[in-house]
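Dumping the structure here so I can ask a few things about it.
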Amino acid sequence: MIHRRDELRASKIMQQRAKDNPKIEFLWNNVVSDIKGDNKVSTVLVKDIKRGGERSISAGGLFVAIGHEPNTSIFEGQLEMDDKKYVVLKDLTRTSVEGVFAAGDVHDHRYRQAVTAAGFGCMAAIDVERWLSERKRKTGK
Ligand SMILES: Cc1cc2nc3c(=O)[nH]c(=O)nc-3n(C[C@H](O)[C@H](O)[C@H](O)COP(=O)(O)OP(=O)(O)OC[C@H]3O[C@@H](n4cnc5c(N)ncnc54)[C@H](O)[C@@H]3O)c2cc1C
C-alpha cells in the first residue's frame, strides 16, 4: 500500500486489519511516479517524497483509491451542485429540478456509508411516491 502521508484517515479498526495482514506492506510518504508494462502492469515506480529517490516494485496490478469524487458528471448543467460536485438537496431528497430526487453518495459528503445511502434511498422512494400522488391529485395524470 503506497500512501503519500505517514498515517491513514481510515477507521482505527480497518487500519489495524490492514496492518495485521502479513500480505500487506505499507510504503509511507511515497507516491506512484510511473507505471510500466506491456499491455499489463509489470512495474510500479514509487517516489519517496520525504527522503527523495525513486525505486521500482514488481507488480501484476495496481488499484487506485484516492480521495472522494462524487460520480455526478452526467448531471452537470442539469442539477444544481456544490463546488465539490455534490448534488445540492433542497428539501430532504428534492433536487433543484422538480420531480428529480437524489439519495446516497451523490449528495452526501459527510457520512458516505452504505447504511446512510440506503436510508436516503428509502426517503427518496417515499418522496417520489408522494410527489407522484400529489401530481395525480392535481392534474389527474
Ligand atoms: C472501499 C470502500 C469501502 C467501503 N466500506 C464501507 C463500509 O464498511 N460500510 C459502509 O457503510 N459503507 C462503506 N463504503 C461506502 C458505501 O459503499 C457507499 O456509501 C454506498 O455504496 C453508497 O451507495 P450509493 O447507492 O449512493 O452509491 P453506489 O453504491 O456507488 O451505487 C451507484 C450505482 O450507480 C451506478 N451508476 C453509476 N453511473 C451510472 C450511470 N451513468 N448510469 C447508470 N448507473 C450508473 C453504479 O454502477 C452503481 O451501481 C465503502 C466504500 C468504498 C469505496
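Because the structure is predicted, anything quoted here is derived from the model rather than measured.
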Fill in: Note, I57 side chain near E25 side chain (heavy atom, < 4.5 Å)
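No, every pair of side-chain atoms sits at 4.5 Å or beyond.
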Discussion item. I'd like to check R5 versus W28 (side-chain heavy atoms, cut-off strictly below 4.5 Å). Are they in contact?
Written reply: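 The answer is no; the side chains never approach within 4.5 Å.
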Discussion item. Let me check something: do L89 and V128 share a hydrophobic cluster, defined by ILVMFWY side-chain heavy atoms less than 4.5 Å apart, either directly or through other members?
Written reply: no
Worksheet item: Do Q78 and V97 have side-chain heavy atoms sitting under 4.5 Å apart?
Response: no
Worksheet item: Do M1 and I66 belong together in a cluster built from hydrophobic side chains that touch within less than 4.5 Å?
Response: no
Worksheet item: Above 12 or not: heavy atoms from other molecules or residues under 6.0 Å from CZ of R17?
Response: no
Fill in: Least distance between heavy atoms, W131 atom then G99 atom
CZ2-CA, 3.4 Å
Worksheet item: Closest approach of D6 and N29, non-hydrogen atoms and distance?
Response: N-OD1, 3.5 Å
Discussion item. With a 4.5 Å cut-off on side-chain heavy atoms, are D82 and H109 touching?
Written reply: yes
Worksheet item: Does S42 use its side chain to pair, donor to acceptor, with the backbone of K36 at less than 3.5 Å?
Response: yes
Discussion item. Looking at every non-hydrogen atom in both residues, tell me the closest pair between A102 and V87 and how far apart they are.
Written reply: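 In this case the closest contact between A102 and V87 is CB-CG1, 4.1 Å.
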Worksheet item: Quick one: which of R55, H3, R4 gives a side-chain contact (heavy atoms from CB on, under 4.5 Å) with L27?
Response: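 The side-chain contact (heavy atoms from CB on, under 4.5 Å) with L27 is passed solely by R55 among R55, H3, R4.
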Item to complete: Identify the heavy atoms of I2 and N30 that sit nearest to each other, and give their distance.
Response: CG2-O, 3.4 Å
Discussion item. Would you say that more than 12 heavy atoms from the other residues, nucleotides or ligands in this model lie under 6.0 Å from the CZ of F26, or not?
Written reply: yes
Response to the item:
Closest non-hydrogen contact found for H107 with Y86 is C-CD2, 3.8 Å
Worksheet entry | Taking every non-hydrogen atom, the tightest pair across N71 and V106 | O-CG1, 4.1 Å
Practice prompt. Applying side-chain contact (heavy atoms from CB on, under 4.5 Å) between K138 and each of K136, K141, E134, report the one that passes.
Written response: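 Filter result, single survivor: E134.
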Worksheet item: Is there side-chain contact between I35 and L45, with heavy atoms separated by less than 4.5 Å?
Response: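 The answer is no; the side chains never approach within 4.5 Å.
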Worksheet item: D48 side chain to R51 main-chain N or O, any donor-acceptor pair under 3.5 Å?
Response: yes
Worksheet item: Can you tell which of E76, E69, E80 makes a salt bridge (Lys or Arg N to Asp or Glu O under 4.0 Å) with K85?
Response: E76
Practice prompt. Find out if a path of hydrophobic residues (ILVMFWY) with successive side-chain heavy-atom gaps under 4.5 Å connects M123 to V115.
Written response: no
Worksheet entry | Single-linkage hydrophobic cluster, 4.5 Å side-chain cutoff, V41 and I24 together | no
Practice prompt. Spell out, yes or no, whether F101 and L132 are grouped together once hydrophobic residues are joined by side-chain heavy atoms under 4.5 Å, including indirect joins.
Written response: yes
Worksheet item: Under 4.5 Å between any side-chain heavy atoms of F120 and T93, yes or no?
Response: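 F120 reaches T93 side chain to side chain.
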Worksheet item: Short question: side chain of Q15, backbone of L8 - any donor-acceptor pair under 3.5 Å?
Response: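 Side chain of Q15 to backbone of L8, a donor-acceptor pair under 3.5 Å: yes, one is there.
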